[in-house]
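Working notes for the structure below.
By convention in this document, chain letters (A, B, ...) are assigned in the order of the sequence lines, proteins followed by strands, and residues within each chain are numbered from 1.
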4 protein chains.
Amino acid sequence: MDFSPERIDGFNRNSFYQTMGVTIETAAGGEARSTLRPNPDLCWPFPGQPHGGVLFTQMDTTMAWAVVTRVEAGENCVTINLDIQYTAPARGDRFVCRARVRHRSGRIVYTRAEVTDDAGQLVAAGQGAFRVVKALL
Amino acid sequence: MDFSPERIDGFNRNSFYQTMGVTIETAAGGEARSTLRPNPDLCWPFPGQPHGGVLFTQMDTTMAWAVVTRVEAGENCVTINLDIQYTAPARGDRFVCRARVRHRSGRIVYTRAEVTDDAGQLVAAGQGAFRVVKALL
Amino acid sequence: MDFSPERIDGFNRNSFYQTMGVTIETAAGGEARSTLRPNPDLCWPFPGQPHGGVLFTQMDTTMAWAVVTRVEAGENCVTINLDIQYTAPARGDRFVCRARVRHRSGRIVYTRAEVTDDAGQLVAAGQGAFRVVKALL
Amino acid sequence: MDFSPERIDGFNRNSFYQTMGVTIETAAGGEARSTLRPNPDLCWPFPGQPHGGVLFTQMDTTMAWAVVTRVEAGENCVTINLDIQYTAPARGDRFVCRARVRHRSGRIVYTRAEVTDDAGQLVAAGQGAFRVVKALL
């Protein structure tokens, strides 16, 4: 599936992304990119640093967008597993996640992703397997 | 370290836990247990189901509490990696996470955890490695 | 599927298990147990300690046996992913792996396993997702 | 540390690599590359396909070589955890693994790796965390 900027904008207005501070920027051709602008309420226990669960959320979400660029209309995906590594403290007010599909085998899609801060420092990296399912919405 | 119920209550009032809906119930002897009461704003894309990032947050947080029961005063921990499996759709308004320390080797602590719904159905399971660090706060 | 001791014995004579030193002991009801008697040629770089790849092999194999107790005749399984933690040096001449199925969702089966030495010390722990496939042999 | 081709050749003659069929080709600057020429005895249960434990061994070993290019003389490394994804059946008589260090934080080193067959098809991908330790040999 391809997603127009307008359609992505529509998704970006959901309450979950808004609360977490995640914005999907692009999703096409097995790749996706997002921006995280941390919600100060979610910067805990270290002020100014989004919690690891927020970075995970950005990564999982961006991987899923990379996956859905490779499914048919009427399909969606769910996470089978995701392994995340936290490589450095996440300091700053903007983080970029780039995710890509590594391989698809039947209904299983393998992805990887990296999150970097504004200086290009790697703060988290991960790989995950997703299952393609019939869309429920 | 041991944590009195009063001290845990204090932590539970932070804005991150409040937004995510996570409450730490107990933390002692290398084990911790928490409850997630999902924030409807974070139940997306499936109404009534907390996003996988919310379940991850509950798991990561509960693992960290299990770890800090085994560190000294003045120490804290950070996540090295966490692998999460999503085993079933997370339906319901209360989820319990139980985490335990598997092993400690020097400053590396190995944990595992499971999240179940109110019917006892497993919805997520994971394992993670943490590093013991000097407390920054 | 259920496996008689005779059938398991037959599998245990394959050249792969023989070289690696792995013997499946039991497999029933979503659980499996194996023994590793390390081949000295595979104890490297630390004499007397099987390489991490040997412990991984024991774990992956034992998980797969746990999975196939839950599939139909004419089906087999393949590993989607496996995350292994090495918790302590693997010293000794016998290691036991216990694996169990955590959950099955359609054709995806979620497992976990632990490897202990003869003193009961945990040396490795893991979790993996498997896909049920038509048997090719 | 830097490793001369002669020194790498010396390591390649150990009985573990010989049995598994692994040869380290290069290791420098946080990267390493190896070749796997599968031992037929270890191609089980699918003839002509090395077992997943053999591919894991190649990956873990190659990651470790990438790590030790970044440690001091007198240091070595051990695996904390490694998550491997199996993306496609491993058919063929030669597989190449490329591993690289993603980041180092204190004594923890984060890596990733991919294994491809002779046609360039991805058969396995992984990420692992290693701990730098004093060399024991």
With chain D, which of Ile84(C), Thr19(C), Thr87(C) has the greatest number of heavy-atom pairs at distances under 4.5 Å?
Ile84(C)
Interface moiety of Ile80(D) toward chain C, non-hydrogen atoms closer than 4.5 Å
backbone
Counting only heavy atoms not in Asp118(C), do more than 12 sit closer than 6.0 Å to its CG atom?
yes
Thr79(D), part contacting chain C, at a heavy-atom distance under 4.5 Å
both
Just do the side-chain contact (heavy atoms from CB on, under 4.5 Å) check on Phe130(D) and Tyr86(C) with the steps written out, would you?
CA-CA 10 Å; Phe130(D) 289 73; Tyr86(C) 294 100; over 6 Å; no
So how far is it from Met20(C) CE to Leu42(D) CG, rounded to the nearest 0.5 Å?
6.5 Å
Hey, is CZ on Arg100(C) packed in by over 12 heavy atoms from elsewhere, all under 6.0 Å?
no
Residues of residues 54-68 of chain C with a heavy atom under 4.5 Å from any heavy atom of chain D, in residue-number order, are Val54(C), Phe56(C), Thr57(C), Asp60(C), Thr61(C)
CG of Asp41(D): more than 12 outside heavy atoms within 6.0 angstrom?
yes
Which value, rounded to the nearest 0.5 Å, describes the distance between Asn39(C) atom CG and Ser15(D) atom OG?
7.5 Å
Is any side-chain heavy atom of Asp83(D) less than 4.5 Å from a side-chain heavy atom of Asn81(C)?
yes
